[in-house]
Amino acid sequence: MLDEIPKQYNPKDTEDKWYKFWEENNLFSAKVNPGKKPYTIVIPPPNVTGILHMGHALNNTIQDILIRYQRMKGLEALWMPGTDHAGIATQNVVEKTIAKEGLKRQDLGREKFIERVWAWKKQYGSTIIRQLKKLGASCDWERERFTMDKEYSEAVKDAFVVLWEKGLIYQDDKIINWCPRCQTALSDEEAPHRELQSNLYYLKYPFKDNPDGFIVVATTRPETMLGDTAVAVNPKDKRYKKLVGKTLILPLVNREIKIITDVVVDMKFGTGAVKVTPSHDPNDYALGKKHRLGFINVIAPDGKMNKNAGDYKDMDRFEAREVILEDLKEKRLLEKVEPHSLSAGHCYRCHTIIEPYLSRQWFVRMESLAKPAIEAVKKGRIKFHPARWAKVYLNWMENIRDWCISRQIWWGHRIPIWYCLDCKNAAMASAEKPVKCIKCGSTDIKQDEDVLDTWFSSWLWPFATFKNKEDRQYFYPTSSLVTAPEIIFFWVARMIMAGLEFQNDIPFKDVYIHGTVRDVEGKKMSKSLGNIIDPLEIINEYGADALRYSLIAITAQGQDVYLSKERFEQGRNFANKIWNASRFILMNLENAGQSPSGTVPARTDLCVFFKKEELNLANRWILSRFYSTLKGVGKNLERYQFNEAASLLYGFFWHEFCDWYLEIIKADIQNPHNQMVMYKILEKSLRAMHPFMPFITEELWQRLFHEGNSIMVQSWPHLQEDIIDLRSEKIMSEVLEIITGIRNMRLELDILPHADNIAAKVFTANKHKREVLENFSGQIKSLARLKQLTILSEYKRVSGEFASVVKDTHIVIPLSGVIDLKKHKEKITTKIKKAEAEINTKEKMLGDKNFLKRAPGEIVEKEKEKLKNLKEQIQKLKGVYDALK
RNA sequence: GGGCGAUUAGCUCAGCUGGUUAGAGCGUCUGACUUACAUUCAGAAGGUCAGGGGUUCAAGUCCUCUAUCGCCCACCA
């Protein structure tokens, strides 16, 4: 046996093997627990273009833990997987690949280009899915969806038509976020603002009637001055009172513009006079409408200056800026330049600076959709974890703005709006092409060219992923949503609105928002920064379980994760610890088996009931610790405190079960009680650890049972599992004799008193383990029977012997070498002082009427006991001090 | 301009509804090749819990102010 199990755990030998096994046996299917209460999670669908990064790894590990946990708890657990067609991102990728053939998408035409996208998807689209499998994700892959699937697309169109019929969809000319590189409109959420180091340029605009006089305006975007149609000042501004209504000559283009007044102008900013460019700024647009100014667009969709820009035509907007500044300088119309930081929108796909652009787009009216969604969170039907995110959500929802949903790209759900070519202006929304125009009956009908925002399909995800009604009714609303804070607005908020609008019910009950994964310096991991730690590389090097454990262990609820590669060593080491503890137990179970076949005991069919008193102290101790660990793990999983749950298991298994318990029983490992308890705890620990570390636990489980059954579908270890069962008669024959008389009594476990805990430690003073055990095994046994057992730590070092029993109740064990007596004395003195001070405060407290009146009884008792202990401790310390003299 | 988070051991961080002696991992130091594991084991050192004020019998934990860092939102030309 020893030869069969390698000394080190090698994830590569197990991971792919067991994943395949799980898949082949359909263990990911919700039907593993048919008809039970459903527990559903829908995956945040990664982009088809996606490659697994640490954020995914964390996100999906959390979901997998929840799903595996609930599955083991016996629920019909469904993890619904799929991918997102990611309109702009995917189109960009495919455009890049065809660019290698010297082609643009326009060369291919819409249809051919979309064919190419599908072809690309077929070839590369499942990369991220394969990577999720590497991670161990137990999704029900049979149900995998794509947001461009036929049924899904139907749902998207239906949703659009429903909103249209309610009058919630409209078309309008507005200044929207335009990405000149992707050449499409973007929603406000898709154009995050980022600080930009820039300048404030002070430009002189001369008067028409007095070319030597001028007014100075300040701007951050001088290139837009070509489209200016006014200069505005605040009506209260005394400086400009006399100038209002005057005509200016716009430099470079020599167009006449007027000075107007409006209260929105901030007198304190710049010169208090602002150039008005209605076509290129949302504020100016409003001013333009209000004052009926001209709208002159000077920038083309590709970010280059257009024909209205005269000599600057075809220059890139930023190049034009420089040239314009040069020209103004030459004409002495550039007064000064001040450094100025401003924030500008950036395309969330290609990071190009957004151009505010006037164009006709489709919008969704959001206010009425937001109302019930706000209520749902306020009333607690949907809970955020951690709760603080609810505020962020509510703040956004309460200030919601209309959603620009049209995109000028090809890859996506084409807007189901149809135009009659005969009687213009007649737009109809319909899932299918209308046979004829509802107004004039013409059959000359054309569909809108634009596609919908990707998120217009994502927001339907929690229900549109279910193909048939039965499933939808059964699994919706889903249970938990696990996601990152970045997409609360993009996705979470919109799903809540969509769920309530289209399904008349919330899409999920809990939203767990985990932190963002950052590098050691706190920067977000990104390709461009080159600070990526590739999860696949970690899996390759340390194993998927190590990756999963480490990620979970360092992720405090909702806090950002600062990651460095070394962190994964902890996970790897833990996996190895589990491996070796199991190896040790397997080895010893077999040796003890004495059966010709040498098989290890398998579960069930023999149930033996023990009375707590029948077990020795070490066994009682470890069992009580184990059950309280399980309790904590369960509790913390329910509360989304994954790091707590993980570290409880870690601490118990490593530092209590391995370091203490296994060391204690080593000396008497053939003892049937010890055999049983170590076996039982291992077996249950594997189950409890399985959601966190699925591969290694499966491998060991299989080695333990040879049954071909999977740990995946075992039950989560029951909290009050007070039955200890084993079935190997070979091992248990001796035990049976012992327990015959007490067979049907229940084992009542409780938490052993602290003193017992310490006594357990006394059993193994590692350095002299053998001697201690040999010399004192008899004494230990008798000591274990003692109710009160304490260790007097100060004797540890002074005693020259390994261990000795001091008075009746104290054991002393020297743990390491010689000590400096003088220092030791000092220490004892300070300790005594500390203890005395403590006693003082405690006595004060206990003499305090307020305390006695208000503190709960148990606390008073505790305090009294503490005082007593302190007094005892001080006596001992003094004794030690005297002894040292 | 609003909102949120962070500040705890040398480093990175836990510490949930206030209540034993404030914990872990890594690092450092001292020991140990012990019949599972050196990806190990035993032990040690190391903390006025950012600072001021307050509430309480009791504060790392609640309130308030301040400082520093970080994040998000916002039509500051």
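Any value given below was found using the heavy atoms of this structure, including those in side chains, with hydrogens, waters and symmetry copies removed. Per chain, numbering begins at 1; letters A, B, ... match sequence-line order.
Taking atom CG of A:N643 as the reference point, atom C1' of B:G15 lies 10 Å away to the nearest angstrom.
On a pure distance criterion of 3.5 Å, no polar donor-acceptor pair joins the side chain of A:K391 and the base of B:C4.
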Open item on the list: For RNA chain B, please output the secondary structure as dot-bracket, reading 5' to 3'. Pairs are Watson-Crick or G-U wobble, both atom distances under 3.5 Å; mark crossing pairs with [ ], other-strand partners with |, unpaired with a dot.
Closed with: (((((((..((((.....[...)))).(((((.......))))).....(((((..]....))))))))))))....
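With sequence neighbours excluded, the residues that form a side-chain contact (heavy atoms from CB on, under 4.5 Å) with A:A273 are A:I215, A:V217, A:V231, A:V233, A:Y240, A:T271. Residues that satisfy the salt bridge (charged side-chain N to carboxylate O under 4.0 Å, His left out) test with A:D173, not counting sequence neighbours, are A:R360. By the side-chain contact (heavy atoms from CB on, under 4.5 Å) test, A:H655 pairs with A:Y650, A:D659, sequence neighbours left out. Partners of A:E355 under the salt bridge (charged side-chain N to carboxylate O under 4.0 Å, His left out) rule, at least two apart in sequence or in another chain, are A:R221, A:R317. Checked against salt bridge (charged side-chain N to carboxylate O under 4.0 Å, His left out), A:E644 has no partners two or more places apart in sequence or in another chain.
Residue contacts shown for A:K7 are limited to sugar-phosphate atoms, with no base heavy atom under 4.0 Å away.
The local environment of NZ in A:K383 is sparse, with at most 12 non-hydrogen atoms from other residues, nucleotides or ligands closer than 6.0 Å.
Between A:Q8 and A:A581, the residue anchored nearer the 5' end of RNA chain B, judged by the nucleotide with its closest heavy atom, is A:A581.
Listed by first then second residue, pairs satisfying side-chain hydrogen bond (donor to acceptor under 3.5 Å, both in side chains) with a partner in residues 542-552 of chain A read A:D64-A:R548, not counting sequence neighbours. The salt bridge (Lys or Arg N to Asp or Glu O under 4.0 Å) contacts involving residues 260-278 of chain A comprise A:D228-A:K275, A:D262-A:K290, where partners must be two or more places apart or lie in separate chains.
Residues from residues 260-272 of chain A with heavy atoms under 4.0 angstrom of RNA chain B, sorted by number: A:V265, A:D266, A:F269.
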